Amino acid sequence: MTPTITAFASSPDRGQGLARDMRVRWALEEVGHPYEVRLVSFDEMKAPAHMALHPFGQIPTYEEGGLVLFESGAIILHVAGRRPGLLPEDADARARAIGWMFAALNTVEPPILDLQIARMAEHDAPWAEQRLPLVHDRIRVRLDQLSARLGDANWLDGAFSAGDLMMVSVLIRLRSSGLLNEYPTLAAYVARGEARAAYQRAFAAQLAVFRAASARA
Ligand code: GTB
């Protein structure tokens, strides 16, 4: 059965692939699972039909037969569990790859989100300038640790896995901050992820949505 995911009808990132449908698209491309996309506006996301799929009125969602999922991590774990390509066969290696998915979402992404909130929602606050270096430093702590662990390996634990897919997806969100450039090994790690054919297909698909929406506007 072909799953349907949801994505922004008009992504605020203007096709940079920063919204979370991108990581789901990438996972589906990695395992070679064709998918359909239903585009939703901000109003549609908060309307009852979408709220029935996603209790928080967000994208992405995933529908496949009777299954409805929300949360990009849960969706990718489901996709990775259904077809080979994103999780190792060996049970221990599989558990470690899932551990890296959680690390990306629960340990590395939160300070990165904090930076985005600081830049987008708090920039007018009188304390914003003072707070920003603290936010940057909290991200640097994680980047220092992650880059030490990655060392000169290509991927976090052997072959490319859903853990790398999630970690690269999270780190990409740092690009505009310049922080990633302070860590050449992590910048190269992200570049390796982006160079994957599956990533390129996913990126092109979400960019085509943005371009079509721009052409109509
Ligand atoms: N924890 C959830 C998950 O991982 O699936 C978070 C889902 C989420 O934050 N979805 C966002 C959303 O639907 C889109 S991805 N927001 C609308 C709303 O909450 O009303 C977050 C996002 C949005 C925009 C950019 N950007 O413009 O760069 C980047 C990332």
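Note that the structure is predicted; figures quoted are calculated from it, not measured. Start at 1 with the first residue, then count along the sequence. Numbering of ligands and ligand atoms starts at 1, following listing order.
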J.: Any protein heavy atom at under 4.0 Å, with atom 3 (C) of ligand 1 as the reference point?
T.: yes
J.: Check whether any N or O atom of Arg23, backbone or side chain, sits under 3.5 Å from an N or O atom of ligand 1, and answer yes or no.
T.: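 No; every N/O pair is 3.5 Å or more apart.
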J.: Any side-chain donor-acceptor pair under 3.5 Å between Arg82 and His78?
T.: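 Judged by distance alone, the side chains do pair up.
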J.: Please list, in number order, the atoms of ligand 1 under 4.0 Å from a heavy atom of Pro60.
T.: 5 (O)
J.: Applying a 4.0 Å heavy-atom criterion (strictly less than), which segment of Arg173 is in contact with ligand 1: side chain, backbone, both, or neither?
T.: side chain
J.: Any idea which protein heavy atom is nearest atom 9 (O) of ligand 1, and the distance to it?
T.: Arg20 NH1, 2.8 Å
J.: Hey, are Gln206 and Arg25 close enough side-chain-wise for a donor-acceptor pair under 3.5 Å?
T.: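 Looking only at side-chain atoms, Gln206 and Arg25 do not form any donor-acceptor pair under 3.5 Å.
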J.: Considering only the protein, which heavy-atom contact is closest to atom 11 (C) of ligand 1, and what is its distance?
T.: Ile59 O, 3.8 Å
J.: Using a 4.0 Å heavy-atom threshold (strictly under), name the region of Phe8 that reaches ligand 1: side chain, backbone, both or neither.
T.: side chain
J.: Can you sort out which atoms of ligand 1 are near Ser72, meaning under 4.0 Å from one of its heavy atoms?
T.: 3 (C), 4 (O), 5 (O)
J.: State whether the side chain of Asp13 and the backbone N or O of Leu18 hold a donor-acceptor pair below 3.5 Å, judged by distance alone.
T.: yes
J.: Could you list which atoms of ligand 1 come closer than 4.0 Å to a heavy atom of Lys46?
T.: 18 (C), 19 (O), 20 (O)
J.: Val31, Leu67: one ILVMFWY side-chain cluster at the under-4.5 Å cut-off?
T.: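 Yes, it is one cluster - the side chains of Val31 and Leu67 are joined through contacts under 4.5 Å.
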